[in-house]
Amino acid sequence: MHLPATAAEEAVAAELAGLSETGPAGPRTGLRAAYAAALPGARGAVLTRLWRAFAFEPLPWITHRERGSGSLALRLASGSRLEGPVPDPYATTFSAARASAPPVTELLLDGRPYRCAAPLVAALGLPYGEEFAAELDESTASLALSRAGQPAGPGAGDLAAWEWEQRVVDGHPYHPNCRSRPGFTVAEQLAYGPEHRPLVTLGLAVVRDAECRVTGEWPDRWREAGRILVPVHPWQAEHVVKQGEGQGKENVHGHGHELRPGPVAHPLMALRTLSPADGGPHVKTALSTRLTSSVRDISVYSIETAAAVSAFAQSLSERLDGRLHITRTLGAVTAGTPDLAAVLREPPEAYADRGAGERVLPVAALALTPYARSGTWRAGFARLALSVCLRVLDLGVALEAHGQNLLVVLSADGSPLRLVYRDLADIRISPARLARHGLAAPPLSGRLITDDVTLLRRKLFGSLVAGALGSTAGSAPALAADLAAAAPGLPSTADTRALLTAPLPTKALTLMRLSPGVPGDQWAELDNPLTGG
């Protein structure tokens, strides 16, 4: 059924009409038609994520949930009734390459059909709902744009690591704002979004030594007498870090910075993290706009703790018999503000032996490969991922092992060999657990440090099981089979027993967007596919 375009959908179409037929990523011929064709699927993908949130998150305006034969009805505090199909909480893959379950195409609010997320949220009249509805509209339009520019068919097995990252098109598997990029024009999405496969030219902000805090080793090529050259994302350079005195927004130090052209690089899944075209460390930049839920700047705390956390993680990985490599943070710098900071990180492909045919893929890309369709392969991968991450948790560290941070090294025949983990900015470290194993805690304080068992398990289980493994499996029955096959090889710990028997945590991302005054993460519980509860 044809639906009238929403405000954001019309705006993207109008911007596309005004763009040249060529761009940094190559010809754009047919992009307008492909965008229009992608809109129905994008609407279903976002609506499906929203319905999943309504079904499982502890949203205060939902007073009762009633499951029927294949249907779910929600009674709302307003007295209204919202109805739709019973969602599978682990059916999160909606790409054309692999659909784990049919997307939700229609929900009924008091009998009236809604086929787009934004108009539905607007009709619900929720607190902060107007802002959320606008974000959902942008997410839907942006997702359609992201899907529109994709090459036909799956990628070949010899894709470079950065090419695999750019094949992950649909964004966050659970968040309805999976492709929300407020502040980005269509031209900027095409120029900077990894799914559009551009080459990006980083800027280099020239900052006085006295203004900078540097940890680790900062490369000589980005130093000069009395100054540090800080890599800047081009969007950040244009909108936040203006060049020169009196040109646009001034920085916190009261003056503009000189900006020079830097290296050419491929944007990765995280968009603000880039792989230089001539090789070398990955560059994580600040990006002061909200993508999905968070503003992607880099806190001064992260820079100050980067070297200590990296050294600690390296010592920990040595206890994993080569099954886990943690990419080293080579250097980090801040000019005293989260808006102007950067991190240099070892590339994950450093841990794959290309001569032996090995390659490294982010776990989020596994759903695009034939491996995810094999129960035997998935069971082996689940056994590797769970045994390693549970061992790390027992030692005292909860990794945020979602499909972007966690990568797998595959052999030439596709067998999962070992794991690579990147981005230590949001792990959790338990001094008490470390002490039980005779390990010293790193010299840190602040949000990375906690002995709270619930918080530690949420951090790992919510990212690894509900996120990475769930997205790879694609459904609750498939995930149950993967967990059951992996269970005999897992360490016998209280954490393992909780993972196999208790409800599984996941971030309540929609609740968090609708309660902006509540700091920190909020959580929901999903039925454990092994137990049904």
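In this text, all values refer to a predicted model and were calculated from it rather than measured experimentally.
Residue Arg52 forms a side-chain contact (heavy atoms from CB on, under 4.5 Å) with just one option from Leu509, Leu47, Thr506, and that option is Thr506. Among the candidates Leu407, Leu469, Val408, the single residue satisfying the side-chain contact (heavy atoms from CB on, under 4.5 Å) test with Leu366 is Val408.
Judged by distance alone, the side chains of Asp110 and Ser80 do bring a donor and an acceptor atom under 3.5 Å apart. For the residue pair Gln236 and Ser288, a side-chain donor N or O sits within less than 3.5 Å of a side-chain acceptor on the partner. When only modelled atom types and interatomic distance are considered, Glu9 and Thr140 share no side-chain donor-acceptor pair under 3.5 Å.
Within the 4.5 Å cutoff, no side-chain heavy atoms of Pro176 are placed close to those of Glu135. The shortest distance between side-chain heavy atoms of Thr510 and Phe132 falls below 4.5 Å. For the pair Pro267/Gln166, a side-chain contact is recorded, criterion being any heavy-atom separation below 4.5 Å from C-beta on. Two residues are said to be in side-chain contact when any heavy atoms from C-beta on lie closer than 4.5 Å; Asp170 and Arg147 meet this criterion.
A salt bridge does not link Glu163 with Arg197: every distance from a Lys NZ or Arg NE/NH1/NH2 to an Asp or Glu carboxylate oxygen is 4.0 Å or more. Using a 4.0 Å cut-off between charged nitrogen and carboxylate oxygen, Glu165 and Arg422 count as a salt-bridge pair. For Arg428 and Asp452, the salt-bridge test fails: no basic side-chain N is under 4.0 Å from an acidic carboxylate O. We find that Arg513 and Glu131 are not joined by a salt bridge, their nearest charged nitrogen and carboxylate oxygen being 4.0 Å or further apart. A salt bridge links Glu400 with Lys507; the closest basic N to acidic carboxylate O contact falls under 4.0 Å.
Atom CG of Leu82 and atom CZ of Arg65 lie 10.5 Å apart (nearest 0.5 Å). One finds the CG atom of Leu31 at 6.0 Å from the CG atom of Leu145 (value rounded to the nearest 0.5 Å). Atom-to-atom distance recorded for Arg167:CZ and Thr369:OG1 is 12.5 Å, nearest 0.5 angstrom.
Applying the side chain to side chain donor-acceptor pair (under 3.5 Å) test to every pair with at least one member in residues 480-497, sequence neighbours left out, gives these pairs: Arg378-Asp482, Arg433-Asp495, Arg457-Asp495, Thr493-Thr496. Sorted by first and then second residue, the pairs that involve residues 34-57 and meet ring-ring contact (aromatic ring centres under 6.0 Å, His included), not counting sequence neighbours, are Phe54-Trp61. Here ring-ring contact (aromatic ring centres under 6.0 Å, His included) pairs that include residues 377-406, with residues two or more places apart or in two chains, are Tyr371-Trp377, Trp377-Phe381.
Within 6.0 Å of the CD atom in Glu106, the count of heavy atoms belonging to other residues, nucleotides or ligands exceeds 12.
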Practice problem: Given salt bridge (Lys or Arg N to Asp or Glu O under 4.0 Å), test Asp521 with Arg458 step by step and report yes or no. | Solution: CA-CA 10 Å; Asp521 293 334; Arg458 281 175 171 173; over 6 Å; no
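When all heavy atoms are compared, the tightest approach of Leu271 to Tyr192 is CG-O, 4.1 Å.
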